[in-house]
Amino acid sequence: MKNYLFDLFTSVKEKFDISDDTEINFDIPKIESHGDYSTNIAMLLAKKLKKNPRDLAHEIIYSLEHDLAVISKVEVAGPGFINFFFNPDYISRSVKEILEKGAKFGKTETNLGKKALVEFVSANPTGPLTVGHGRNAVSGDTMANLLEATGYKVDREYYFNNAGRQMRVLGNSVRLRYLELLGEQVEFPEDHYQGQYIIDIAKGLLEKNGDTLKNEDAEGIFKDEAEKVIFEDIKKTLGRLGIKHETFFNENSLYEEGKIESLLNTFKERGLSYEKDGAVWLKLSDLGNEKDKVIVKNSGEPTYRLPDIAYHATKFDRGYDFIVDLFGSDHTATYPDVLAALSELGYDTEKVKVMIHQFVTIIKEGKAVKMSTRKANYITLDELIDWVGSDVVRYFFNMRAVSTHLNFDLDLAVKHSEENPVFYLQYAHARICSIIRMTTEQGLSASSENLTLLSTEEEQKLIKKLLFFPDAVENAARVLDAVVLCAYLEELAAAFHKFYTVCRILGSEERLASARLALVNAVKLVLANGLALLGVSAPERM
RNA sequence: GGGCCCGUAGCUCAAUCGGAUAGAGCAUCAGCCUUCUAAGCUGAGGGUUAGUGGUUCGAGUCCACUCGGGCUCGCCA
């Protein structure tokens with residue numbers, strides 16, 4: 001429907017000399033009596049052309065050459081809106097096109113031929129993924145799905161660091177627990193990793209090696225084993241959510257390939273860095289940021305900032321047209337430095353979209369749980385999946401705007417999990433599958449022959465909702481937030497459930513029953529396509 | 001104190017790039033199953049969109065300030 005309007009307005013654009021920077025928008029009015037679509041173009045142009053918006057709207061309508069079989073009524077309303085009413089027969093017939101497009105319905109080719117990179121999760125292998133990582137993982141994967149739906153070839157990437165202080169502490173944590181298991185009296189420092197998983201790793205080493213590791217260094221087998229076990233665990237957890245990264249980018253490779261050194265030289269040559277107090281500083285204050293930051297410590301070890309910049313440079317060098325970084329709000333302060341440096345190095349930072357998701361607050365027994373990886377008083381993502389299942393976890397994280405704080409009441413999620421909106425969507429899908437099974441038994445089949453029989457209010461509303469699906473996907477991809485898609489799918493499911501209670505298939509006259517079956521098939525298709533983008537299953541039975 | 005995010009119904013959240021009368025779910029109350037899944041549908045109540053001012057034909061949305069909450073401001077990542 002929208003495309004028809006755009007085509008219709010190409011001639012208007014010429015006639016009224018509308019420049020390209022004035023976009024024509026078609027919105028779906030909240031109130032039904034305002035039509036199927038509405039445009040505010042007359043009001044936008046009124047000032048420029050120094051005309052009364054309503055008069056201008058009438059002029060525009062007069063110049064429109066629309067097919068009455070498509071648009072049955074056009075009117076001027078309110079301060080100057082132009083409202084379009086589509087012909088019900090035209091709406092009904094469009095069910096056929098949805099079915100023909102099948103799994104492709106909802107996808108666009110806007111970004112065909114372009115490459116995008118989504119970096120997400122990127123948790124260092126120091127412990128199991130927490131609920132907070134879960135939000136990042138789900139949002140990132142869904143963003144990637146949405147970008148793919150608009151034509152991008154998307155790579156999902158996980159950036160990690162298996163060197164440095166954090167990992168040394170990890171190795172030593174395992175070593176100390178190992179010695180403890182051997183009966184040695186050890187003092188376990190407070191700043192070491194306290195979790196049970198450290199003890200489990202130590203036990204594993206003890207079983208395999210006995211006491212032969214007694215005199216090994218923390219950074220040797222202890223660190224390596226911890227990293228290996230934890231990473232396997234992380235991948236397994238992500239796998240349970242259907243998440244698979246194309247690449248795991250190891251920070252260490254930047255050193256091995258000399259990227260760090262060459263970047264350091266570049267900064268030096270350009271006079272962007274200087275030495276002070278035995279450390280190397282980056283002149284970020286010259287690049288419009290607040291203050292200079294250390295990039296190489298006086299110990300000779302780079303800070304995370306330097307590899308971060310080098311890493312992001314590779315994203316450009318690898319030829320991505322669109323680069324998405326997703327991280328938690330605790331990293332807000334780091335990205336302006338990286339972007340400023342990249343920009344100075346000549347990279348087009350417009351290609352980078354930094355998404356910050358706010359924290360997840362876990363409410364357990366009515367109280368917020370303070371989470372700390374080191375102290376191990378957190379709820380792991382695995383536990384959450386055990387509790388409520390992958391579908392609920394994915395939907396729950398997708399259904400809230402990325403930029404808002406998310407309260408996750410565990411007790412409520414467990415207790416009322418059946419009332420979760422995800423079941424509402426899945427139930428609609430399962431219901432449709434049931435209808436198809438029952439009607440097939442009765443020898444009925446779907447047909448696009450008599451779609452114009454779909455004329456009741458419930459049918460018309462349902463079809464219009466279906467037709468809006470590509471817009472919903474596009475909107476969600478534009479803002480990189482699945483919340484848009486969730487809201488749409490809930491509306492679609494609601495429209496279907498209403499249709500279901502009013503419009504019977506079994507017992508209806510055969511041509512109508514076949515047309516309704518076609519509609520129901522289209523709803524099933526859109527629900528399945530939408531849920532697939534969210535990474536949520538579409539069950540045949542519930 | 002500076003920067004970023006948030007504040008919408010009792011609770012959790014929507015509101016398609018600034019559009020017309022701010023919507024759902026949960027909870028509460030009142031109805032609907034001899035027929036395709038009641039995990040559903042129908043109806044009722046519930047709001048000064050934290051506050052004040054501004055921008056304009058039009059603001060929950062944009063700007064300024066105030067209040068409240070979160071994150072952050074390391075030679076940690």
Side-chain angles (χ1 to χ4, degrees), chain A residues 23 25-31 33-34 38-40 43-44 46-47 52-53 77-81 83 122-124 126 160-161 164-166 251 277-281 290-291 293-299 301-305 307-308 328-336 356-359 361 399-409 412 416 418-421 423-424 426-428 430-439 441-442 444 468 471-472 474-476 478-479 483-484 486-488 490-491 493-494 496-498 500-508 513 516-517 520 541-542:
Chain A
E23 259 182 86
N25 285 316
F26 297 102
D27 291 326
I28 296 179
K30 286 179 196 156
I31 295 160
S33 60
H34 293 156
S38 165
T39 183
N40 60 355
M43 287 180 287
L44 292 179
K47 194 175 241 178
N52 174 302
F81 290 104
N83 295 338
S122 295
N124 285 340
T126 59
F160 71 100
N161 173 16
R165 202 193 73 89
Q166 265 192 331
E251 180 188 312
D277 303 332
V280 182
W281 295 69
E290 212 176 328
K291 49 186 168 186
K293 299 275 173 65
V294 170
I295 48 175
V296 181
K297 301 182 228 175
N298 58 19
S299 66
E301 220 178 354
T303 64
Y304 67 89
R305 228 176 312 268
D308 256 18
S329 59
D330 53 337
H331 286 242
T332 356
T334 75
Y335 76 89
I356 307 280
H357 69 84
Q358 295 299 310
F359 267 43
T361 307
M399 70 188 280
R400 302 290 179 235
V402 172
S403 65
T404 63
H405 300 270
L406 174 58
N407 282 323
F408 200 132
D409 189 328
L412 204 71
H416 296 298
E418 294 191 2
E419 287 160 11
N420 192 299
F423 293 104
Y424 185 73
Q426 292 182 315
Y427 184 59
R431 253 187 167 176
I432 292 171
C433 292
S434 175
I435 291 173
I436 293 169
R437 279 193 301 271
M438 298 300 282
T439 49
E441 267 177 38
Q442 306 263 328
L444 278 170
F468 188 65
D471 286 354
E474 202 182 287
N475 290 341
R478 192 186 65 237
V479 297
V483 69
V484 174
C486 291
Y488 165 79
E490 285 173 38
E491 286 168 17
F496 165 73
H497 287 305
K498 279 173 193 168
Y500 177 87
T501 50
V502 178
C503 304
R504 310 290 303 177
I505 292 174
L506 287 178
S508 290
R516 282 181 173 167
L517 264 178
V520 151
R541 294 171 201 270
M542 280 175 79

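In the text below, chain A, chain B and the rest are named by the order of the sequence lines, each starting its count at 1.
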What does [X] touch in the nucleic acid at a heavy-atom separation under 4.0 angstrom: a base, only the sugar-phosphate, or nothing?
{"X": "Ser299(A)", "value": "nothing"}
{"X": "Arg165(A)", "value": "sugar-phosphate"}
{"X": "Pro79(A)", "value": "base"}
{"X": "Ala279(A)", "value": "base"}
{"X": "Ala430(A)", "value": "base"}
{"X": "Ile28(A)", "value": "base"}
{"X": "Arg305(A)", "value": "nothing"}
{"X": "Lys291(A)", "value": "sugar-phosphate"}
{"X": "His34(A)", "value": "base"}
{"X": "Asn161(A)", "value": "sugar-phosphate"}
{"X": "Tyr488(A)", "value": "nothing"}
{"X": "Cys433(A)", "value": "nothing"}
{"X": "Ile505(A)", "value": "base"}
{"X": "Asn83(A)", "value": "base"}

What I'd like to find out is whether the side chain of [X] reaches to under 4.5 Å of the side chain of [Y], using heavy atoms alone.
{"X": "Ile432(A)", "Y": "Tyr500(A)", "value": "no"}
{"X": "Lys297(A)", "Y": "Thr303(A)", "value": "yes"}
{"X": "Asn475(A)", "Y": "Phe468(A)", "value": "yes"}
{"X": "Leu506(A)", "Y": "Leu444(A)", "value": "yes"}

Measuring from the side chain of [X] (C-beta onward, heavy atoms only), which nucleotide among [options] has the closest atom?
{"X": "Arg431(A)", "options": "U37(B), C75(B), A20(B)", "answer": "U37(B)"}
{"X": "Tyr424(A)", "options": "C75(B), C41(B), A39(B)", "answer": "C41(B)"}
{"X": "Thr332(A)", "options": "A15(B), C71(B), A39(B)", "answer": "C71(B)"}
{"X": "Leu44(A)", "options": "C36(B), C17(B), G19(B)", "answer": "G19(B)"}
{"X": "Asp330(A)", "options": "C71(B), A38(B), C5(B)", "answer": "C71(B)"}
{"X": "Phe423(A)", "options": "C17(B), A39(B), A14(B)", "answer": "A39(B)"}
{"X": "Leu506(A)", "options": "A39(B), U16(B), C36(B)", "answer": "C36(B)"}
{"X": "Ser434(A)", "options": "C36(B), C76(B), A15(B)", "answer": "C36(B)"}
{"X": "Tyr427(A)", "options": "U37(B), A20(B), U12(B)", "answer": "U37(B)"}

Classify the side chain of [X] and the base of [N] as holding, or not holding, a donor-acceptor pair under 3.5 Å.
{"X": "Tyr304(A)", "N": "A77(B)", "value": "yes"}
{"X": "Ser38(A)", "N": "A20(B)", "value": "yes"}
{"X": "Asn298(A)", "N": "C75(B)", "value": "yes"}

For this session: If the glycosidic angle is within 90 degrees of 0 it's syn, otherwise anti, so just tell me which one C62(B) is.
Result: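 Anti, since the glycosidic angle lies more than 90° from 0.
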For this session: Quick one: classify the glycosidic conformation of C33(B) as syn or anti, with syn meaning within 90° of 0.
Result: syn
Seminar exercise, completed: Annotated structure of RNA chain B as dot-bracket, pair cut-off 3.5 Å, Watson-Crick or G-U only, | for inter-strand, is (((((((..((((.....[...)))).(((((.......))))).....(((((..]....))))))))))))....
For this session: Report the residue (Ala77(A) or Asp277(A)) whose heavy-atom-nearest nucleotide on RNA chain B is the more 5′ of the two.
Result: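 Counting from the 5' end, the first nearest nucleotide belongs to Ala77(A).
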Exercise. Between Met43(A) and Tyr500(A), which has a closest nucleotide on RNA chain B that is more 5'?
Worked result: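 Between the two, 5'-proximity favours Met43(A).
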Exercise. Planes under 30° and centres closer than 5.5 Å, is that true for Phe81(A) with the base of A20(B)?
Worked result: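 A stacking contact exists, since Phe81(A) sits close and nearly parallel to the base ring of A20(B).
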Exercise. His405(A) stacking on G69(B): centroids under 5.5 Å, ring planes under 30°?
Worked result: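 The ring of His405(A) is not stacked on G69(B).
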To the nearest Å, give me how far apart [atom1] ([X]) and [atom2] ([N]) are.
{"X": "Asn40(A)", "N": "A59(B)", "atom1": "CG", "atom2": "C1'", "result": "14 Å"}
{"X": "Phe26(A)", "N": "U16(B)", "atom1": "CZ", "atom2": "P", "result": "18 Å"}
{"X": "Phe408(A)", "N": "G70(B)", "atom1": "CZ", "atom2": "C1'", "result": "19 Å"}
{"X": "Glu490(A)", "N": "U16(B)", "atom1": "CD", "atom2": "P", "result": "16 Å"}
{"X": "Lys498(A)", "N": "A24(B)", "atom1": "NZ", "atom2": "C1'", "result": "10 Å"}

Exercise. Can you find a side-chain donor-acceptor pair between Ser38(A) and Asn83(A) that sits under 3.5 Å?
Worked result: yes
Problem set entry | Interatomic spacing from NE2 in His497(A) to OH in Tyr424(A) - rounded to 0.5 Å | 4.5 Å
Problem set entry | Minimum heavy-atom distance between Thr39(A) and Asn25(A), given as atom pair plus value |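 Scanning both residues, the minimum pair turns out to be OG1-O, 2.8 Å.
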